[in-house]
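As the structure lists them, so they are numbered: ligands from 1, and atoms in each ligand from 1. Throughout, residue positions are numbered sequentially from 1 according to the sequence presented.
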Amino acid sequence: MSCIFCKIVAGEIPAEIIYQDDDVMCFKDVAPQAPTHLLVIPKKHIGSIAELKDSDTNLAGKILVTATAMAKDQGISESGYRVAMNCGDEGGQTVGHIHMHVLGGRQMGWPPG
Ligand code: AMP
């Protein structure tokens, strides 16, 4: 298994895990870009959002709903936050396993760099 996020799911490398259930896991980003920076991933390996299938519809929704729950849990829901999913090279994706960033605790700019 070469996927770093699959290794986190398998417990082979450490992460600051905030939440997990049968389908998804949430942990702190190792290089935070904001005071709160979480990643929500599916436990199942999917390389990018470009690979999502119709059968992944519930899972994709669960990633978003989990992200909003995690934002509430971390106390950034009222002040506001950003969720982002980078896709492919020009989308800025560096890890080939779907992940939703949850960023908050500071003012976000737009457009992103
Ligand atoms: P992206 O550039 O959208 O693919 O985001 C990948 C994110 O994964 C980056 O923000 C990295 O800091 C983060 N990351 C990479 N390796 C780890 C790790 N072992 N634990 C937690 N976050 C990681």
Q: Pick out which of T66, D73, V40 makes a side-chain contact (heavy atoms from CB on, under 4.5 Å) with Y19.
A: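 Answer to the side-chain contact (heavy atoms from CB on, under 4.5 Å) test with Y19 among T66, D73, V40: T66.
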Q. Should the proximity of H101 to ligand 1, defined as any heavy atom under 4.0 Å, be assigned to the side chain, the backbone, both, or neither?
A. side chain
Just to check, does [X] reach to within less than 4.0 Å of ligand 1 when the distance is taken from its heavy atoms?
X   : result
M85 : no
G92 : yes
K28 : yes
E16 : no

Within ligand 1, which atoms have a heavy atom of [X] less than 4.0 Å away?
X   : result
N86 : 1 (P), 3 (O)
F5  : 8 (O), 17 (C), 23 (C)
Q93 : 4 (O)
L39 : 8 (O), 13 (C), 22 (N)
F27 : 21 (C)
A31 : 12 (O)

Q: List the atom of L52, the atom of A60, and the distance in Å for their closest heavy-atom pair.
A: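 Heavy-atom minimum between the residues: CD1-CB, 4.3 Å.
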Q. Nearest to atom 15 (C) of ligand 1 by heavy atom, V95, D29, L103, I8: which?
A. V95
Q | Heavy-atom nearest neighbour of atom 2 (O) of ligand 1 within options I13, V30, T94 | A | T94
(Q) Below 3.5 Å, N or O to N or O, backbone or side chain included: is there any such pair between H99 and ligand 1? (A)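 Yes, H99 has an N/O under 3.5 Å of an N/O on ligand 1.
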Q. Are more than 12 heavy atoms from other residues, nucleotides or ligands located less than 6.0 Å from atom NZ of K28?
A. no
**Q.** Reported CG-to-CG distance for the pair D23 and L59, which is rounded to 0.5 angstrom
**A.**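 Separation between the atoms: 6.0 Å.
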Q | For H101, all residues meeting ring pair (Phe, Tyr, Trp, His ring centres under 6.0 Å), sequence neighbours excluded | A | H37, H99
(Q) Can you list, by chain and residue number, the hydrophobic cluster partners of W110 when the side-chain cut-off is 4.5 Å? (A) none
Short side-chain to backbone donor-acceptor contact, [X] and [Y], under 3.5 Å:
X   : Y   : answer
Q93 : I49 : no
Q33 : A31 : yes
K62 : P42 : no

